[in-house]
Amino acid sequence: EPEKPSLRRILKMPEKQTVRKRMGELRRKVGMDARAGLLRMISRALLQERRVLTLGTYQPIGSEPDINPLLSEWRAADGARALALPWCTDREASRMEYRLWNPCEKLAADAAGIPGPGSGACVIPDVLLIPCLGWTRSRRRLGYGGGYFDRYISGLLGSGVSPRLLGVAYGVNEVDESLFEPHDLPLDLIITDIGIF
C-alpha cells in the first residue's frame, strides 16, 4: 500500500514555495561584496579538499551565483583537473548526469533547456558544487523543488559512490530548520559569503 503523505508534509509544500519565492528575491538583491566574499570562501574550501580531480559545477540560471570564472582558474592551475556540468537527460523524471566541460567550448541546451556540454563524456565528479536557494546550519539545502540533485545523489549513494557535496549559497539565504524532514540528507558543507558551515 502506498505511503500516505503526512499532514505535516502536505502543510510544508505551500510553505516551501513561499520561502523559495522570498529567497529568490533576497538573492537577486545581493551586492558585489557578498559575491566577492562567496568566491573567496569557495577558493578557501577547495584548498581544503584533497585530491579533487573532477569538480562538478553548474551553469548559473536566474540569480544563481556565477562561480565558473573562478573554477576555470582552478582547472588551469593543474593539468589533471577537470570540470563537469549537469546535463538533464529526462525532464519528466528529473534525471540528470554530469558531463565533462571545457569552459572554452560552446554549450547546448539539455532536455530542461539549461545550457550544458552536449558532447562531453559522462563522469562522476569527486566533488559537487551545488547551488542552494536556501540553506541551514545543519547543512540542509533548499532547491527549486525539481528533485534533480536529490535523485542524482541518491542514485550514486545507492551504488556505493559518495562524492563530496558542497552547497553554494549567500548568507542572506539562511532558512529555518523546520522546513526539512528528518530524512532530508545534509550536504558535507555549505559555503557562503559569511562563512563555511
Side-chain angles (χ1 to χ4, degrees), residues 3 5-50 52 55-68 70-71 86 94 96 98 114 125-158 161-197:
E3 182 193 343
S6 69
L7 181 60
R8 187 167 171 236
R9 197 171 300 147
I10 291 167
L11 291 172
K12 277 191 185 175
M13 287 316 289
E15 185 188 350
K16 270 191 177 177
Q17 288 306 103
T18 305
V19 173
R20 283 187 179 106
K21 188 175 176 204
R22 176 73 182 131
M23 290 300 112
E25 290 165 0
L26 288 172
R27 195 165 65 179
R28 281 189 288 279
K29 294 176 182 169
V30 163
M32 294 305 290
D33 287 351
R35 290 171 207 259
L38 178 60
L39 292 177
R40 274 195 304 276
M41 290 295 182
I42 291 170
S43 291
R44 183 182 298 176
L46 288 177
L47 284 173
Q48 303 301 315
E49 295 297 321
R50 298 285 171 245
V52 179
L55 182 62
T57 179
Y58 59 90
Q59 196 58 27
I61 54 173
S63 57
E64 289 176 351
D66 185 359
I67 62 174
N68 289 328
L70 168 73
L71 300 184
S94 299
M96 68 177 205
Y98 276 82
I114 297 169
D126 305 299
V127 171
L128 302 183
L129 287 167
I130 304 171
C132 305
L133 194 49
W135 63 280
T136 70
R137 290 180 189 238
S138 65
R139 305 185 307 284
R140 301 293 199 285
R141 167 188 181 264
L142 180 68
Y144 294 111
Y148 287 95
F149 284 105
D150 292 341
R151 280 189 180 81
Y152 178 76
I153 292 161
S154 88
L156 290 183
L157 295 175
V161 180
S162 51
R164 294 269 294 158
L165 307 174
L166 313 185
V168 174
Y170 290 117
V172 71
N173 289 122
E174 186 173 0
V175 297
D176 196 86
E177 299 281 355
S178 66
L179 284 173
F180 299 91
E181 301 285 343
H183 64 256
D184 287 329
L185 287 177
L187 304 183
D188 294 301
L189 291 176
I190 303 281
I191 308 167
T192 77
D193 53 299
I194 60 169
I196 299 171
F197 299 88

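For the numbers below, each heavy atom of this structure counts, side chains included, while hydrogens, waters and symmetry mates do not.
- With a 6.0 Å radius and a threshold of 12 heavy atoms from other residues, nucleotides or ligands, Arg44 has its CZ atom at or below the threshold.
- Taking CG from Leu71 and OG1 from Thr57, the interatomic distance works out to 4.5 Å, rounded to the nearest 0.5 Å.
- Salt bridge Glu25/Arg28: absent, no basic N to carboxylate O contact under 4.0 Å.
- Here the CZ atom belonging to Arg27 is positioned 6.5 Å from the CG atom belonging to Asn173, to the nearest 0.5 angstrom.
- Between Leu128 and Tyr152, some side-chain heavy-atom pair lies under the 4.5 Å cut-off.
- Ion pairing of Glu177 with Arg140 is absent here, as no side-chain N (NZ or NE/NH1/NH2) approaches a carboxylate O to less than 4.0 Å.
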Begin from the C-alpha positions of Val175 and Phe180 and carry the test side chain to side chain contact (heavy atoms under 4.5 Å, CB included) through to its verdict. CA-CA 10 Å; Val175 297; Phe180 299 91; 3.9 Å; yes
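- Among all heavy-atom pairs drawn from Leu129 and Ile67, the shortest one is CD1-CD1, 3.9 Å.
- In this structure, Asp193 and Ala34 approach most closely via the heavy-atom pair CB-O, 3.3 Å.
- The OH atom of Tyr144 sits 15.0 Å away from the NZ atom of Lys16 when rounded to the nearest 0.5 Å.
- Heavy atoms only, all atoms of each residue included: Pro186 and Ser138 are closest at CB-O, 3.5 Å.
- Within the 4.5 Å cutoff, side-chain heavy atoms of Glu49 are placed close to those of Leu189.
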Apply side chain to side chain contact (heavy atoms under 4.5 Å, CB included) to residues Phe149 and Leu165 and explain how you reach the verdict. CA-CA 10 Å; Phe149 284 105; Leu165 307 174; over 6 Å; no
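- Evaluated for a side-chain contact (heavy atoms from CB on, under 4.5 Å) with Leu179, the options Val19, Asp184, Thr136 yield exactly one hit, Val19.
- Shown here for Gly146 and Ser94, the closest heavy-atom pair between the two residues is O-OG, 2.7 Å.
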Please assess Val30 against Leu38 for the test side chain to side chain contact (heavy atoms under 4.5 Å, CB included), listing each intermediate value before the final yes or no. CA-CA 11 Å; Val30 163; Leu38 178 60; over 6 Å; no
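- Between the CG atom of Leu46 and the CG atom of Leu166 there is a distance of 7.0 Å, given to the nearest 0.5 Å.
- The main-chain N or O of Ile61 is found under 3.5 Å from a side-chain atom of Glu64 such that the two form a donor-acceptor pair.
- By the 4.5 Å heavy-atom criterion applied to side chains, Asn68 and Pro60 are counted as neighbours.
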Could you go through the side chain to side chain contact (heavy atoms under 4.5 Å, CB included) check for Arg151 and Met96 one step at a time? CA-CA 8 Å; Arg151 280 189 180 81; Met96 68 177 205; over 6 Å; no
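- Distance OH/Tyr170 to CD1/Ile194: 13.0 Å, rounded to 0.5 Å.
- Put simply, OG1 on Thr192 and CE on Met41 are 6.5 Å apart, with the number rounded to the nearest 0.5 Å.
- The minimum heavy-atom distance between Ile190 and Arg139, with the atom names listed, is CG1-CA, 3.6 Å.
- Closest heavy-atom contact between Pro163 and Pro125: CB-O, 3.3 Å.
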